[in-house]
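As structure tokens, the structure follows; a few thoughts come after it.
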Amino acid sequence: MLTCVIRYQIDPTKKAQFETYARNWGQAIPRCGADLIGYFAPHEGSSTLAYGIYNIESLAAYEAYRARLSADPLGQENYAFAQREKFLLREDRTFLKLASAPHGDRP
């Protein structure tokens, strides 16, 4: 299992547009085959950093998922929305593997 962490630099004056974008992915991403952990908008501290995080089985599964997402009507609409509104200034993807499992029990 891989975890994809997308780090966004957003226009701080367009946080509401990012939140709309995030809610749209909240519908499209699970439908297209990834396990969405969530999208996170700035709250305190930096006003320009936001994140999207989801799990995917493998890089091969990621390629198939991206093809489905590109063909998905809401996915297409969301890509166009981001282009039109220009609230995303930068987007970086990193794929990580969980290294700390198994986790201990909480007291």
Side-chain angles (χ1 to χ4, degrees):
M1 183 68 64
L2 298 174
T3 299
C4 180
V5 178
I6 308 168
R7 181 178 185 247
Y8 296 98
Q9 180 182 1
I10 65 170
D11 180 333
T13 67
K14 296 183 177 183
K15 184 176 147 186
Q17 287 91 329
F18 178 80
E19 291 174 352
T20 297
Y21 178 78
R23 284 190 300 275
N24 289 339
W25 285 139
Q27 300 300 310
I29 287 174
R31 180 172 58 238
C32 291
D35 175 23
L36 181 63
I37 295 168
Y39 268 72
F40 301 86
H43 177 69
E44 185 66 35
S46 172
S47 63
T48 62
L49 290 180
Y51 295 89
I53 305 170
Y54 60 88
N55 292 319
I56 194 86
E57 191 175 305
S58 65
L59 289 177
Y62 171 75
E63 293 301 327
Y65 152 77
R66 290 289 293 191
R68 288 188 299 273
L69 195 61
S70 293
D72 184 84
L74 182 55
Q76 291 173 349
E77 182 181 316
N78 219 26
Y79 285 127
F81 173 66
Q83 292 294 313
R84 186 174 60 253
E85 296 295 320
K86 300 188 184 315
F87 53 88
L88 300 178
L89 306 176
R90 182 180 174 126
E91 181 177 335
D92 298 307
R93 269 182 190 71
T94 301
F95 291 89
L96 304 170
K97 282 177 38 175
L98 180 63
S100 64
H103 300 129
D105 294 332
R106 287 185 161 181

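Owing to the predicted nature of the structure, the values given are computational and were not obtained by experimental measurement.
Nearest heavy-atom pair, Pro42 versus Thr48, reported as atom, atom and distance to 0.1 Å: CG-N, 4.3 Å. The nearest pair of heavy atoms linking Ile56 to Gly33 is CD1-O, 4.0 Å. Of all the heavy atoms in Tyr65 and Cys32, the pair that sits closest is CD1-O, 3.5 Å. Nearest heavy-atom pair, Ala41 versus Glu19, reported as atom, atom and distance to 0.1 Å: CB-OE2, 3.8 Å. What you find for Thr3 and Asn55 is that their closest heavy atoms are OG1-OD1, 2.5 Å. For the residue pair Leu74 and Asn24, the shortest heavy atom distance occurs at CD2-O, 3.4 Å.
Hydrophobic clustering keeps Leu98 apart from Leu59 (ILVMFWY residues linked when any side-chain heavy atoms are closer than 4.5 Å, directly or through intermediates). Clustering ILVMFWY residues whenever any of their side-chain heavy atoms sit less than 4.5 angstrom apart, transitively, puts Val5 in the very cluster that holds Phe40. By the rule that hydrophobic residues join a cluster once side-chain heavy atoms approach within less than 4.5 Å of another member, Tyr51 and Tyr21 end up as members of separate clusters. Under the 4.5 Å side-chain heavy-atom criterion for ILVMFWY residues, a single connected hydrophobic cluster contains both Trp25 and Phe81. Residues Leu69 and Ile37 do not share a hydrophobic cluster, clusters being chains of Ile/Leu/Val/Met/Phe/Trp/Tyr side chains in contact below 4.5 Å.
You'll find the side chain of Phe95 reaches within 4.5 Å of the side chain of Tyr62, heavy atoms only. Counting heavy atoms from C-beta outward, Leu2 and Leu96 have side chains that stay 4.5 Å or more apart. Between Tyr54 and Ile6, the closest side-chain pair of non-hydrogen atoms falls below 4.5 Å.
Sorted by first and then second residue, the salt bridge (charged side-chain N to carboxylate O under 4.0 Å, His left out) pairs with a member in residues 88-107 read Arg90-Asp92, Glu91-Arg93; sequence neighbours excluded.
Within 6.0 Å of atom NE2 in His103, more than 12 heavy atoms from other residues, nucleotides or ligands are found, so the atom counts as buried in its surroundings.
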What's the verdict on side chain to side chain contact (heavy atoms under 4.5 Å, CB included) for Phe87 and Thr13, showing C-alpha distance, side-chain angles and the deciding distance? CA-CA 8 Å; Phe87 53 88; Thr13 67; over 6 Å; no
Pair Ile10-Leu89, side chain to side chain contact (heavy atoms under 4.5 Å, CB included): steps then yes or no: CA-CA 5 Å; Ile10 65 170; Leu89 306 176; 5.8 Å; no
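Side chain of Gln76 to backbone of Ser70: a donor-acceptor contact under 3.5 angstrom is found.
Here CD of Glu85 is found 10.5 Å from CG of Asp11. Values are rounded to the nearest 0.5 Å. Here OG1 of Thr20 is found 12.5 Å from NZ of Lys14. Values are rounded to the nearest 0.5 Å.
For the side chain to side chain donor-acceptor pair (under 3.5 Å) test, residues two or more places apart in sequence or in another chain that qualify with Tyr39 are Tyr8. With sequence neighbours excluded, the residues that form a side chain to side chain donor-acceptor pair (under 3.5 Å) with Arg31 are Asp72.
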